[in-house]
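Predicted, not measured: the structure shown is a model, and the values here were computed from it.
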Amino acid sequence: MKVVLKSETFSVEIELPQEMIQAIESLAQQIDQAKLKQHKKTTLRQGDIEKLHEIRNLLLANRQIPFSIEELAKIAGINRTKLQAGFKELFGNTVFGYLSDQRLEDARRLILDGGNMSISEVAAIAGYKNPQHFTAAFKRKFGVLPRDVRR
């Protein structure tokens with residue numbers, strides 16, 4: 001696909017692969033979301049923010065443990081609704097969406113650094129029982145297939 005890059009001093013037309021365009025669009029969307037998040041006032045109290053950070057840290061330290069929302073709410077000492085709404089407000093994603101994104105980021109690093117580890121092995125480490133589901137989730141997040149990251 002041809003893309004035109006413009007500035008005040010120049011304009012250039014280049015050919016980019018579709019995967020790269022999707023990755024750039026995804027990055028631009030993430031930047032826009034981050035900008036909106038910076039300007040948005042929070043309705044959370046400081047104590048709730050601290051509890052939500054504790055839950056996030058717990059999830060990151062124990063990525064392979066399948067916590068339920070009820071368990072996390074009990075651990076945090078807040079109700080289920082406040083946990084879910086507060087987590088999304090603070091971190092820009094649902095509890096399990098955030099955890100899934102982190103697992104996919106870990107998988108991407110494994111693929112890049114893992115050398116001869118197969119995609120199926122990486123999928124299992126990332127918590128996916130089915131490598132095809134992992135591949136689909138990876139492509140949705142990064143815009144490329146896991147095997148193409150290695151190249």
Side-chain angles (χ1 to χ4, degrees), residues 1-7 10 12-40 42 44 46 48-76 78 80 83-151:
M1 173 181 266
K2 290 190 180 197
V3 176
V4 178
L5 302 174
K6 294 180 182 181
S7 79
F10 73 92
V12 63
E13 188 174 301
I14 58 173
E15 185 80 27
L16 292 176
Q18 184 64 31
E19 293 86 12
M20 187 176 287
I21 291 171
Q22 289 172 337
I24 291 168
E25 288 172 346
S26 176
L27 183 59
Q29 185 179 29
Q30 290 173 5
I31 291 169
D32 288 343
Q33 288 173 349
K35 285 179 182 177
L36 286 175
K37 193 175 172 183
Q38 287 176 344
H39 297 294
K40 192 166 110 176
T42 182
L44 298 169
Q46 187 60 38
D48 293 335
I49 291 171
E50 291 169 5
K51 290 175 182 179
L52 292 167
H53 277 280
E54 288 174 19
I55 291 300
R56 182 191 63 176
N57 293 339
L58 175 72
L59 289 170
L60 292 177
N62 301 284
R63 294 175 196 207
Q64 300 307 321
I65 298 175
F67 290 105
S68 70
I69 292 293
E70 288 79 15
E71 289 172 318
L72 294 171
K74 187 175 182 179
I75 291 167
I78 57 179
R80 173 190 175 111
L83 170 68
Q84 291 175 300
F87 198 95
K88 185 159 186 161
E89 180 179 337
L90 192 59
F91 302 112
N93 205 341
T94 65
V95 172
F96 297 117
Y98 182 87
L99 186 57
S100 177
D101 283 352
Q102 293 303 309
R103 287 178 176 163
L104 288 169
E105 289 287 348
D106 292 344
R108 187 179 65 80
R109 280 191 288 280
L110 275 175
I111 292 169
L112 289 170
D113 303 336
N116 59 0
M117 193 179 292
S118 74
I119 299 300
S120 294
E121 290 170 319
V122 172
I125 290 169
Y128 287 83
K129 292 181 176 115
N130 184 324
Q132 288 81 15
H133 292 168
F134 166 73
T135 298
F138 192 95
K139 182 160 183 174
R140 263 193 317 275
K141 175 149 180 68
F142 299 111
V144 293
L145 294 171
R147 69 171 185 244
D148 295 338
V149 170
R150 210 173 250 161
R151 294 180 186 167

So which atom in [X] and which in [Y] form the shortest heavy-atom distance, rounded to 0.1 Å?
X	Y	answer
Glu121	Ser118	OE1-N, 2.7 Å
Met117	Val122	SD-CG2, 3.6 Å
Leu52	Leu44	CD1-CD1, 3.8 Å
Val144	Phe138	O-CD2, 3.3 Å
Ala126	Ala107	CB-CB, 4.1 Å

How long is the span from the [atom1] atom in [X] to the [atom2] atom in [Y], to the nearest 0.5 Å?
X	Y	atom1	atom2	answer
Asp148	Phe142	CG	CZ	13.5 Å
Ser120	Asn130	OG	CG	9.0 Å
Ile119	Ile111	CD1	CD1	4.0 Å
Glu54	Ile49	CD	CD1	12.5 Å
Leu104	Lys139	CG	NZ	14.5 Å
Leu72	Gln84	CG	CD	9.5 Å

**Asked** With a 4.5 Å heavy-atom cut-off, do Phe67 and Val95 have their side chains touching?
**Response**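 They are not in contact (no side-chain heavy atoms under 4.5 Å apart), so the answer is no.
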**Prompt:** Is there a side-chain contact between Lys51 and Ile55, using heavy atoms and a 4.5 Å cut-off?
**Reply:**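 In short, these two side chains do not touch, never coming nearer than 4.5 Å.
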**Side chain Ser100, main chain Phe96, donor-acceptor under 3.5 Å** =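 Side chain of Ser100 to backbone of Phe96: no pair is present.
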Mind listing the side-chain donor-acceptor pairs of residues 56-63 below 3.5 Å, one per line with the distance, residues two or more places apart or on another chain?
unit_1	atom_1	unit_2	atom_2	d
Arg56	NH2	His53	ND1	3.4
Asn57	ND2	His53	O	3.3
Asn62	ND2	Leu58	O	3.0
Arg63	NE	Leu60	O	2.9
Arg63	NH1	Asp106	OD1	2.9
Arg63	NH1	Asp106	OD2	2.1

**Salt bridge Glu105-Arg108, side-chain N to carboxylate O under 4.0 Å** =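 Yes, this pair counts.
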**Request:** Quick one: list whatever passes ring-ring contact (aromatic ring centres under 6.0 Å, His included) with Tyr98, sequence neighbours left out.
**Result:**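 Listed in chain order: Phe87, Phe91.
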